[in-house]
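Shown next, in structure tokens, is the structure this report addresses.
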Amino acid sequence: MHGWRIGKLFGISIEIHFTWLIILGLILWMVTGNILPTEVPDASPSELWGIGLITTLMFFGSLVLHELAHSVVANRLGADVSRITLFVFGGVSQMSREPDKPRTEFAIAIVGPLTSVVLGGLFYGLFYWLRAADAPRLWWAASQWVGYINLLLAAFNMLPAFPLDGGRVLRAALWAIWRSLDRATRVASGFGRAFGYTMIVFGFLVALFGGPVSGLWLVALGWLLSSAAAASYQRLQLQQALGSVYVHDLMSSPVATIPADANLDAAAHDYFMAARFTGFGVEDDGTIVGMVRMEDLQRVPREQWQFTTVRGVMSELDPERMTINSDDEAVEALMQMAQNDLGRLLVTDRAGNVIGIISHSDIVRLIKLRSGLGI
Ligand SMILES: [Zn+2]
């Protein structure tokens, strides 16, 4: 998952996914419209918005530090984390491999919640200090809330629900006892799914009998948690089958393309039949503007083929869904295809230029060969 890069710390670039902006907006709205005015009813709107904004940024900084702690420890212990992406669920440190030992997993997992606990303590300390020093009430109300939210974050993340931090701690423990990463992951992600479903049921009850907003929020979190748990286990199985195979190992390069202005008759005969591919990049003025698949042609009645251009039936290029970096793992490509229901992805270099194409069948063929030959 990629986002907008906002900075770099300890050699790790910090990116924001667009879904995170929604959360940032919600937090700002909640802090300014609800939390601070409850504490300080006589504050003026400009004071509320000013302190609200600072509070929201403190919260944001706390999340970044939590993720950064995971990543820095992971890098110290030999993992290779180069970016952190903040998205709707909090943050993800993009680890390119699974940890190699239970002890490594434990250290990487536990340091995040520990960081949040320390931050919680610091903000509570600031709160007591500001209150004793007779600082404006709005200031200490804000520090108290940031302290509270950090402790809440630590507690939530320590739920033994994989892939949350607590679930990773649990997996590390089971892994150490059973000496099987596969079995430990299966059980830990089972816990993750169970917690997710419980949150969904509980969320519906809260929505029915309490507040609909907090109820639906719980349902959404529960759903995200259970699907993340299922996906992590699936990912581990694929990762074991694929080893460290990267997108650039399996891609075809250069991309076979069709001009955007070609009609479907020409596309069918001169490209699809001639090259016997089922999908092509669509090229306009030297740049790739979309992808066209056999299925896109099938939707148009044959009598219309002569009068329909490839541009009219192609899927327009959506980099977030349809492209993947050549240095990403093949597993990543497979997950992205599954999430977006695509059979192939365009491969880009670091500068974002399309340099190749990778298909689902390329990856599946390798998995078959590996398991068939036991390699
Ligand atoms: Zn964490």
Side-chain angles (χ1 to χ4, degrees), residues 1 3 6-7 9-17 19-20 23-24 27 58-99 101-123 146-175 184-185 188-189 191-193 195-196 199 217 220-233 235-236:
M1 190 182 325
I6 55 160
L9 274 170
F10 299 104
I12 297 157
S13 76
I14 295 156
E15 296 180 355
I16 298 184
H17 193 247
T19 50
W20 169 247
I23 297 302
L24 210 59
I27 302 261
M58 292 286 175
F59 168 72
F60 169 74
S62 301
L63 268 187
V64 171
L65 285 176
H66 175 116
E67 287 309 316
L68 207 56
H70 285 306
S71 310
V72 169
V73 169
N75 282 344
R76 283 273 157 81
L77 296 174
D80 181 23
V81 183
S82 56
R83 65 190 153 96
I84 293 171
T85 311
L86 292 160
F87 77 122
V88 66
F89 204 19
V92 270
S93 307
Q94 309 272 347
M95 238 178 287
S96 54
R97 305 175 242 146
E98 294 277 349
K101 293 197 287 281
R103 202 187 298 227
T104 315
E105 164 104 310
F106 175 78
I108 296 172
I110 198 77
V111 70
L114 279 182
T115 305
S116 295
V117 168
V118 169
L119 285 168
L122 285 175
F123 277 103
V146 179
Y148 163 76
I149 209 77
N150 268 296
L151 294 185
L152 196 68
L153 202 67
F156 176 72
N157 272 294
M158 278 312 286
L159 287 177
F162 192 81
L164 295 179
D165 298 332
R168 291 188 175 275
V169 169
L170 174 69
R171 179 169 81 158
L174 297 176
W175 186 7
T185 309
S189 62
F191 269 77
R193 256 182 297 183
F195 267 99
M199 275 165 79
W217 187 233
L221 275 181
W223 180 77
L224 275 170
L225 180 58
S226 53
S227 47
S232 319
Y233 181 52
R235 191 192 160 97
L236 175 85

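Source: prediction; values computed, not measured. Just so you know, ligand 1 is whichever comes first in the structure, and atom 1 is the first atom listed for that ligand.
- When you scan the N, O or S atoms of D165 for the one nearest the Zn ion (ligand 1), you land on OD2.
- The Zn ion (ligand 1) is closest to atom NE2 of H70 (considering only N, O or S atoms).
- Not one N/O/S atom of E67, from backbone or side chain, sits under 2.8 Å from the Zn ion (ligand 1).
- Crowding of F60 atom CZ: a count of heavy atoms from other residues, nucleotides or ligands under 6.0 Å exceeding 12.
- For M158, the CE atom is densely surrounded, since the number of other residues' heavy atoms within 6.0 Å is greater than 12.
- Looking at every heavy atom in both residues, A188 comes nearest to R171 through CB-CB, 3.9 Å.
- Annotation: side chain of L174 is not in contact with side chain of F191 (no heavy-atom distance under 4.5 Å).
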